[in-house]
Amino acid sequence: MAISKVREAALPSLLAASGLIAAACGSSGSSGSSATTNAPSGVSIGFFGALTGPNAQLGINIDDGVKLAVQQYDGKAGLKVSLVNLDSQGDPSQAPQLAQKAISDKLVALVGPAFSGESLVADPILEQGQIVSVTPSATNPALATKGWKFWHRIVGNDNAQGPAGAEFIVKKLGDTKVAVIDDQSAYGQGIANIVRQTIPTLGGQVVTSQSVDPNAPDYSSTVNAIQSSGATAVYYGGYYDAAGRLLKQLRDAGYQGAFISDDGSLDPKLISTAGTAESTNTYATCACGDVSGTPAGAAFVKAYQSAFNTAPGTYSAEGYDAANVILAAIKAGNTTSTAINSYINSHSYSGITKTITFTSTGDIQGGGIYVYQTSGTGFKSLGLVSKLVG
Amino acid sequence: MHNFVSQIWPSIVDGTTTGAIYALMALGYTLVYGVLRLINFAHSEVFMVGTFASLFTLHALHINYAPGGIEAIGVFAAITIAAMAASGLVAVGVEYVAYRPLRKRNSSSLANLISAIGMSFFLQEVFALRYGRDLIPFPRILLKNVLFHIGNAEVRSDMVLVVGSALVMMFILDRFVNGTRLGRGIRAVAQDASTAVLMGVNIDRVITLTFLLGGIMAGVAAMLYGTFYEVTQYNIGFVIGIKGFTAAVLGGIGNIRGALVGGFALGLVETFGGAIFTAQWIDVVAFSVLVLVLLFRPTGILGESLQRARA
């Protein structure tokens with residue numbers, strides 16, 4: 001009895017303490033904005049995502065990209081833009097109060113939420129508060145199906161990889177007899193099923209369709225089925241370890257056609273598992289872009305490096321582009337969220353990762369999927385699938 | 001289905017190859033079961049350690065290419081001995097640490113089972129923490145050249161190596177158990193442990209020998225696996241272990257020749273199951289066949305015969 005009483009007494013105080021901590025974190029994050037929100041010549045935009053916690057690196061990458069965009073903007077324009085950080089710690093349970101804070105801080109727009117889980121919780125609140133959100137990284141396809149008017153996404157969603165992979169195979173590689181294999185996971189089978197549906201619509205043919213156990217050591221029956229089906233391309237939906245072993249066994253059996261997979265396979269370990277020679281004629285799609293090849297992208301990499309003493313990370317360039325989409329609207333004289341929203345919905349923005357045009361659902365037009373080809377022991381970007389097949 | 005005819009010969013060749021590895025694994029389960037009436041669930045980790053031993057031997061010898069001639073023989077001898085030694089030692093070590101103390105206290109078979117699972121986790125985690133959880137590639141030490149054709153199936157050098165080595169090892173083991181004095185000890189304990197002790201058989205030594213033999217077979221399987229599939233991982237033994245155990249039961253657990261039959265039967269059932277019903281049905285087909293066989297022959301294809309063998 002005594003123990004349980006102590007526990008009951010301790011619980012509220014713990015809750016109060018965690019609330020205080022959250023409040024303290026929140027106020028320190030917004031200190032920059034409170035001075036400027038009332039100023040007539042300034043607007044506040046936000047970054048919503050994990051800056052602390054186990055998945056913080058992705059959020060920090062994006063936030064640094066956003067910071068750089070805001071810094072570069074401030075130098076050029078008269079209207080002052082300040083940045084408010086909303087640190088979600090990647091935790092969906094933190095998201096509602098942060099979304100409320102975005103409303104009470106009178107943010108006009110924000111970059112984020114960074115993750116799909118927190119997006120599902122925060123976006124309905126942001127929608128109600130009419131705050132424009134542009135996510136650079138939340139790829140759950142369901143987010144585009146909610147009918148949100150203020151929500152936007154500048155990367156391809158998980159579903160976009162399927163059609164992009166199918167288009168690349170049939171239209172770019174010219175392979176019409178395709179074997180489609182998946183690993184029975186929600187992710188791999190989901191993408192592979194879309195490839196299976198898309199290939200016939202492009203004039204191709206799925207000559208064999210198999211689901212393998214990603215933990216099985218031996219894929220010889222799948223390899224035999226692919227070989228006897230006469231497939232000239234193999235699509236694999238899943239992750240790099242099983243993809244690498246399947247690829248190796250295919251090449252060992254004499255298969256010389258193309259091997260295409262998704263971003264779960266976009267890892268140098270695919271090549272180390274399959275072998276360098278076996279990994280030729282091998283491709284992977286990804287919503288992530290490699291920007292270093294273009295002059296604007298190279299300038300971004302250089303500026304990022306000098307500002308943060310580190311190379312841009314995953315989704316840094318997307319964070320930079322997402323912020324610039326919002327800043328372009330502000331630069332055009334839009335200072336309210338509704339004005340910004342209608343501006344970015346009706347204007348294309350030419351970013352460093354891609355040209356950003358939103359569809360009516362808020363998703364990016366053309367899917368925004370890149371394709372990578374193996375090169376030595378790594379992958380090199382071939383560019384946007386929509387450009388390669390266009 | 002329309003492609004099935006063209007897959008018949010390739011399925012036979014591939015099924016025989018994977019079946020050879022299953023059969024070598026099945027021997028470890030079958031030997032221990034024959035002597036101790038115990039399924040050694042740590043046997044999959046005995047195999048895993050063997051794959052790492054052959055990989056580290058290749059690293060130590062700086063072999064990252066396919067050697068030829070006399071060098072090839074030396075390299076294969078080295079990795080085979082390393083894998084057999086490592087797997088044999090681990091198998092004996094598992095017996096010494098996880099089973100012997102329990103056996104001395106006449107514990108239940110359930111306690112042995114939990115002890116085996118504990119050893120399995122322990123070994124997996126040690127290797128995962130030390131070498132990571134990703135696949136670790138092997139260098140290609142045997143060029144996968146096509147040697148000849150059977151029907152429309154290509155038979156590659158690595159397949160010949162796997163099947164040939166497995167058959168040789170199984171022949172040697174069969175001769176050892178059925179034709180030597182030490183082997184007679186194993187059979188005596190399998191037949192009736194308490195009588196064997198009264199007749200002067202040192203049961204602890206027989207049990208150690210049994211684990212050692214099972215470990216050596218797993219070591220050969222590990223070397224062949226590394227050469228054939230060219231990867232390893234901390235949990236690589238799990239699936240192979242399940243398959244080896246299934247093959248042992250299919251052929252008749254406790255029966256050395258049954259392990260051979262069961263291994264090849266399981267390999268062929270899997271590839272044909274995959275060829276006929278596509279890959280996602282492989283395990284369904286394989287275990288349906290297992291259940292059907294056990295319905296009609298509860299002791300497996302050849303029956304439990306190690307303990308009934310005459311000296």
Side-chain angles (χ1 to χ4, degrees), chain A residues 177 179-185 188-189 192 206-231 236 238-255 267-279 377, chain B residues 1-19 21-22 132-140 143-144 146 152-154 156 158-159 225 228-233 235-240 242-243 267 270-283 285:
Chain A
K177 296 176 88 176
V180 185
I181 317 297
D182 68 65
D183 69 349
Q184 307 181 48
S185 71
Q189 192 160 43
V206 178
V207 288
T208 185
S209 187
Q210 307 245 337
S211 300
V212 298
D213 173 1
N215 298 316
D218 188 79
Y219 297 128
S220 53
S221 70
T222 303
V223 168
N224 289 337
I226 291 169
Q227 286 284 65
S228 65
S229 72
Y236 179 79
Y239 298 94
Y240 59 83
D241 56 351
R245 287 180 294 122
L246 175 64
L247 176 57
K248 180 200 280 275
Q249 292 179 30
L250 274 167
R251 298 294 191 221
D252 283 352
Y255 171 77
D267 191 300
K269 292 202 181 77
L270 173 86
I271 300 163
S272 65
T273 303
T276 312
E278 287 79 0
S279 303
T377 56
Chain B
M1 272 306 265
H2 59 283
N3 288 321
F4 174 64
V5 176
S6 64
Q7 293 179 48
I8 290 176
W9 283 110
S11 295
I12 291 173
V13 170
D14 292 326
T16 310
T17 312
T18 48
I21 294 177
Y22 295 166
R133 289 172 199 273
D134 276 315
L135 280 173
I136 304 168
F138 270 65
R140 175 153 297 186
L143 292 177
K144 302 194 168 188
V146 178
N152 63 339
E154 295 178 337
R156 298 197 312 259
D158 53 334
M159 296 169 170
Y225 186 97
F228 189 72
Y229 294 112
E230 298 173 335
V231 285
T232 188
Q233 204 174 7
N235 62 356
I236 200 88
F238 178 73
V239 175
I240 288 288
I242 299 268
K243 305 282 186 187
E270 283 192 349
T271 48
F272 275 96
I276 298 169
F277 300 105
T278 74
Q280 55 265 49
W281 293 93
I282 286 177
D283 288 333
V285 173

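All chains are named by letter (A, B, ...) in the order of the sequence lines, taking the proteins before the strands, and each is independently numbered beginning at 1.
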### Task
Against chain A, work out which of B:R156, B:Q233, B:K243, B:E154 has the most heavy-atom pairs shorter than 4.5 Å and name it.
B:R156

### Query
With no hydrogens and no angle check, do the side chains of B:Y22 and B:E270 hold a donor and an acceptor under 3.5 Å apart?
yes

### Query
Would you call B:R140-A:E278 a salt bridge at under 4.0 Å N-O?
yes

### Task
Specify which of A:G244, A:S228, A:S221 makes the most heavy-atom pairs with chain B at under 4.5 Å.
A:S228

### Segment of A:Q249 engaging chain B (4.5 angstrom heavy-atom cut-off)
side chain

### Query
Among all residues two or more places apart in sequence or in another chain, which pass the salt bridge (charged side-chain N to carboxylate O under 4.0 Å, His left out) test with A:R251?
none

### Query
Given that the side chain runs from C-beta out, which part of A:N215 has a heavy atom under 4.5 Å from chain B: side chain, backbone, both or neither?
both

### Query
Which is it for A:D241 and B:R133 under the salt bridge (Lys or Arg N to Asp or Glu O under 4.0 Å) test, yes or no, and what are the steps along the way?
CA-CA 11 Å; A:D241 56 351; B:R133 289 172 199 273; over 6 Å; no

### Query
Is chain B contacted by the side chain of A:Q184, its backbone, both, or neither, given a heavy-atom distance below 4.5 Å?
side chain

### Query
Side chain, backbone, both or neither: which part of B:I136 has a heavy atom under 4.5 Å from chain A?
neither

#### Entry: Residues that A:S220 engages under side-chain hydrogen bond (donor to acceptor under 3.5 Å, both in side chains), provided they are two or more places apart
A:D218

### Query
Looking at B:G274, B:G15, B:P10, which makes the most heavy-atom pairs under 4.5 Å with chain A?
B:P10

#### Entry: A:S209 versus chain B, the contacting section by heavy-atom distance below 4.5 Å
backbone

### Leading residue by heavy atom contact count with chain A [cutoff under 4.5 Å; candidates B:Y229, B:F272, B:F238, B:W281]
B:Y229

### Task
May I ask you to test the A:Y255-A:V223 pair for a side-chain heavy-atom distance under 4.5 Å?
no

### Residue selection (most heavy-atom pairs with chain B, distance under 4.5 Å) from A:T273, A:T222, A:V212
A:T273

